Amino acid sequence: MLAWTTDPGAPGGLTLAEVPEPVPSEGKLLVRVEAFAPNPGDIAALTGAPAGTIPGWDGSGTVLQSAADGQGPRPGDRVLFLGLASHGWAQHRAVLLATTAPAPVDASWEHLATLPVPATSALRAVRRLGSILGRRILIVGATSAVGRFAVQLAARSGADVVAVARDESRHAELRRLGASETHTTLATVNSRVHGAIDMIGGQHLVDAYALLQPGATVIALGHAAGADEHFPYGAFIADPTTSDRAITSFFLGSEPHLSEEMTFLAADPELDSGGLDVKPWTELADWIDVGAPRRSGRVVFRVDHADE
Ligand SMILES: NC(=O)c1ccc[n+]([C@@H]2O[C@H](COP(=O)([O-])OP(=O)(O)OC[C@H]3O[C@@H](n4cnc5c(N)ncnc54)[C@H](OP(=O)(O)O)[C@@H]3O)[C@@H](O)[C@H]2O)c1
């Protein structure tokens with residue numbers, strides 16, 4: 001079968017190569033990959049990966065072979081999947097049943113491919129804030145893939161969603177998705193929040209922490225700015241109006257039940273993954289080579305199986 005493999009000398013650090021067919025170990029099934037949408041983490045992981053590695057965490061496709069114990073989806077079933085040990089940018093992949101979910105027949109491969117990493121991250125982060133019904137929740141980096149799902153899930157959970165995104169031209173879209181307030185910068189958020197999810201880091205994390213009510217938490221989910229965090233003297237000196245505030249780190253794969261969460265998210269026809277820029281998978285390396293640009297939605301690659 002064909003797969004993208006890391007190759008330090010090639011454009012984008014990748015070569016489309018013939019590789020051995022994956023053999024599913026215990027608890028895994030074999031999937032024909034139809035689409036994948038690279039995450040920032042996938043692209044970051046290319047640096048330093050040993051030559052010949054098949055990158056890619058998540059995607060959507062059709063089951064070719066069930067797990068050995070016969071549990072879970074059957075051959076021909078549509079699924080979405082997330083493998084924490086990559087191997088996704090290939091025509092076929094072996095993936096754990098525990099990180100695979102059934103997909104509705106009417107959901108497109110492209111939409112399904114946008115869900116596993118970003119939507120489960122958003123779901124887990126929103127849940128970590130506890131009951132948010134009627135509470136002000138801050139989403140920083142709301143136009144990111146994770147952020148736009150977090151806006152939708154927090155709004156559905158009854159939160160009063162305060163969305164921060166630097167691109168003002170996308171604020172109307174964020175309001176349509178459920179944000180009740182939109183800002184280009186945290187400096188204009190003028191009332192404190194019950195909880196926050198930050199995809200950007202750097203000064204954004206420092207400013208989000210300063211906006212927390214007593215007892216509130218900011219989840220440092222992402223670090224898209226690639227910047228250091230410098231907290232001014234006094235940031236952690238508490239009085240009754242600033243006590244017990246917390247910053248917590250986050251890793252998507254730290255808890256079980258990914259399959260149940262992906263099933264829930266895939267079954268939701270209202271969940272909006274945004275405008276999709278669909279490309280043939282042969283363009284993957286060139287796209288990474290020019291810096292993995294995205295306009296306003298996710299870039300999704302369709303896997304070609306014409307040679308099979
Ligand atoms: N901890 C985990 O388990 C986990 C899971 C998933 C994702 N993540 C991390 O979460 C972050 C978001 O992931 P994603 O898939 O949602 O990313 P994404 O769709 O690529 O979005 C990145 C966002 O960052 C914004 N951005 C980049 N640099 C910025 C800056 N200097 N100031 C303000 N905004 C900036 C971009 O704004 P524009 O839209 O204006 O370009 C974009 O909205 C990434 O760091 C990712 O690695 C972590």
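These figures come from a predicted structure and were not determined experimentally. As the structure lists them, so they are numbered: ligands from 1, and atoms in each ligand from 1. We count residues from 1, following the sequence as given.
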Indicate whether any N or O donor in one side chain lies under 3.5 Å from an N or O acceptor in the other, for T182 and R175. yes
Pair D268 + R156, salt bridge at N-O below 4.0 Å: yes
Do the ring centers of F301 and W89 come within less than 6.0 Å of each other? no
If you count only heavy atoms, which residues are under 4.0 Å from ligand 1? P40, V117, S121, T143, S144, A145, V146, R166, R170, M199, I200, H204, L221, G222, H223, A224, A225, F250, F251, L252, R294
Can you confirm whether more than 12 heavy atoms, excluding those of E26, are under 6.0 Å from its CD atom? no
Looking just at side-chain N and O atoms, do E181 and H183 make a donor-acceptor pair shorter than 3.5 Å? yes
More than 12 heavy atoms from other groups under 6.0 Å of CD on E168: no
